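A short write-up of the structure that comes next.
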Amino acid sequence: MNKFYVTTPIYYVNDKPHIGHAYTTILADVLTRFHRGLGDETFFLTGLDEHGQKVQQAALARGFSEQAHCDDLAPRFTELWKKLGIGYSDFIRTTEPRHVKVVQYVLQKVYDAGDMYADEYEGWYSVAEERFITETEKDSGQFRDVKKLKERNWFFKMSKYQQRLIDYINDHPGFIAPEHRRNEMLGFLKQPLGDLCISRPKARMSWGIELPFDKEYVTYVWFDALLNYISGVGYVSDEATFKKWWPASVHLLGKDILTTHSVYWSTMLFSLGLPLPEKIFAHGWWLIGETKMSKSLGNVVNPLDLIDCYGVDSVRYFLMREMMLGQDAHFTPELFIKRYNSDLANDFGNLLNRVSGLIGKYFEKNIPSQGSLTSDDRVVEVLACDLHVRVKAYIDDLSVQEAIEEVLKLVRLVNGYLEKQAPWKVAKTDLARAGTILYVATESLRIAAVLLSAVMPEKTKTVLDILGAQNTQPLWGQLTSGVTLKTHDALFPRIEEEK
RNA sequence: CGCGGGGUAGAGCAGCCCGGCAGCUCGUCAGGCUCAUAACCUGAAGGUCGACCGUUCAAAUCGGUCCCCCGCAACCA
């Protein structure tokens, strides 16, 4: 038995959850469910990042205390996860004592190890934004009231680990994925790496975790947030649990936060003497139509709306099927409907109707038995038999869309097989043969449903329930002859284009 | 010359590392079937594989030059 520990980023609580949050979290859930189906022991951690300047500002703007603001927003995330059928193992919030303790422990440990020092931080400061901005941001001309500012701060000796990190990435080809992101990071690391300023003076920004060795400062939010990946599995507090789960199998994240994870987080782990996660996977963004999703543009698609109209499983399916590995994906209602109709209604759902209708008509709803197989039957059987092997390979590669497509190939093949075998004709002259055909088709459908259960837990459960095949494996022959099919409605009713 | 990714049928993508009939899904058109959710199946049309030059018996694939798109360029999250 293997262990599988997956994380999402902990989401920043300055706004409501959107499709981007939903995507990463569903992906983590799908991977977890798939691994659990294989018999792996799984741990799935998600949560919220609650410190930092933007939270402080958002809270202030609403007239809330910071903690009250976080407590108010947290349920918006947990409720959405519930609605999306997310089965996380733990939900961590960085304001929780268990996390705060770990952050302070780590700060002290890094300090004691000599990887922390105080120095003047000098950079461009935007008075309007109340924060330091980067050279790039300054050059963009979008910030007014910019001036050079010096400030005493604490620094983490990140530069000390630069070469070690480069060597590590080179020695571990799968560490940062997809490959072009890995190249990007190696390119980034060709420049001299500076040390990381990990403190913020309370005078300027007080909403954070106090440095154990300097009470005038709180911890820079990334240094705080990244530690959730270990504080969430018992680092320091529960060594046995921690040993069991760390290092993580995969950190899932958006491409915008790849540097923080591959550079800050890795060097922090080096300093702590802990192993690095096995994989850091940066996925693309959801574009709404042709434009980047953005709160300011007000074009954020609320996944909740889709769920209410079309069901949670079809939303999960769409997001998993449409995002190509590591690339950006597009969302429009038209794309959603197209995908839903062609894959779920016409191919998958309709196949269920075909076989259950035929079994109802010719076998009084009892699943027929499988006679000897013809070569045509064998083509289907062979593809269905080792489908789980191909699907697993894709899942291991995080190619969920390919895994799904592989299953749909079987579904399409079976639709063609039925057409060719025409059991509705055969039944009139050779009922046993018609039974075999229907067994082959239904068994294939069962296997497809089992393999799609990680993506669509509810609908596939319905299918397996109809077939009397709950808790079966994706192996040929587990469909029980003689079982009476349950009556059902259309699994995925077609969405008719209108308006 | 900062680093990196990409330009393949109307759309979205695979193939490129390891040259050898240009493939998949959707869309379009024509047939078929009539068990099924106007679903399903079969077939067809549609591509100078960004441009040019080179290597080779053979180039989407290897090398070179150019054009065009995109990402990264950290210490806001």
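Order of the sequence lines fixes the chain letters, A, B, ..., with proteins taken first and strands second; residue numbering starts at 1 for each chain. Values in this document were obtained by computation on a predicted structure and should not be read as measured data.
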Every protein N/O lying under 3.5 Å from an N/O of nucleotides 3-9 of chain B:
none

Sugar-phosphate only, base, or nothing, as touched by D195(A) at under 4.0 Å among non-hydrogen atoms: base
Sugar-phosphate only, base, or nothing, as touched by L491(A) at under 4.0 Å among non-hydrogen atoms: base
Y417(A) vs C40(B): side-chain N/O to OP1/OP2 distance below 4.0 Å: no
Sugar-phosphate, base or nothing in reach of Y362(A), heavy atoms under 4.0 Å: nothing
Touch class at under 4.0 angstrom, heavy-atom based, for K409(A) against every strand present: nothing
P spacing across the pair U48(B) / A11(B), given as an integer number of angstrom: 12 Å
Y12(A) six-ring centre to K54(A) NZ/CZ under 6.0 Å and within 45° of normal: no
Side-chain N or O of R200(A) closer than 4.0 Å to phosphate OP1/OP2 of C76(B): yes
Sugar-phosphate only, base, or nothing, as touched by L351(A) at under 4.0 Å among non-hydrogen atoms: nothing
Short heteroatom pairs, N/O only, protein and nucleotides 10-15 of chain B, under 3.5 Å:
from, atom 1, to, atom 2, distance (Å)
A14(B), OP1, Q327(A), NE2, 3.1

Touch class at under 4.0 angstrom, heavy-atom based, for R182(A) against every strand present: nothing
Touch class at under 4.0 angstrom, heavy-atom based, for G123(A) against every strand present: nothing
Given RNA chain B, 5'-ward residue of the pair K428(A) and Y11(A), judged by closest heavy atom: K428(A)
C40(B) OP1/OP2 closer than 4.0 Å to side-chain N/O of N346(A): yes
Sidechain N-carboxylate O distance under 4.0 Å for R412(A), E405(A): yes
Sugar-phosphate only, base, or nothing, as touched by F223(A) at under 4.0 Å among non-hydrogen atoms: nothing
N-O pairing of R378(A) and E381(A) below 4.0 Å: yes
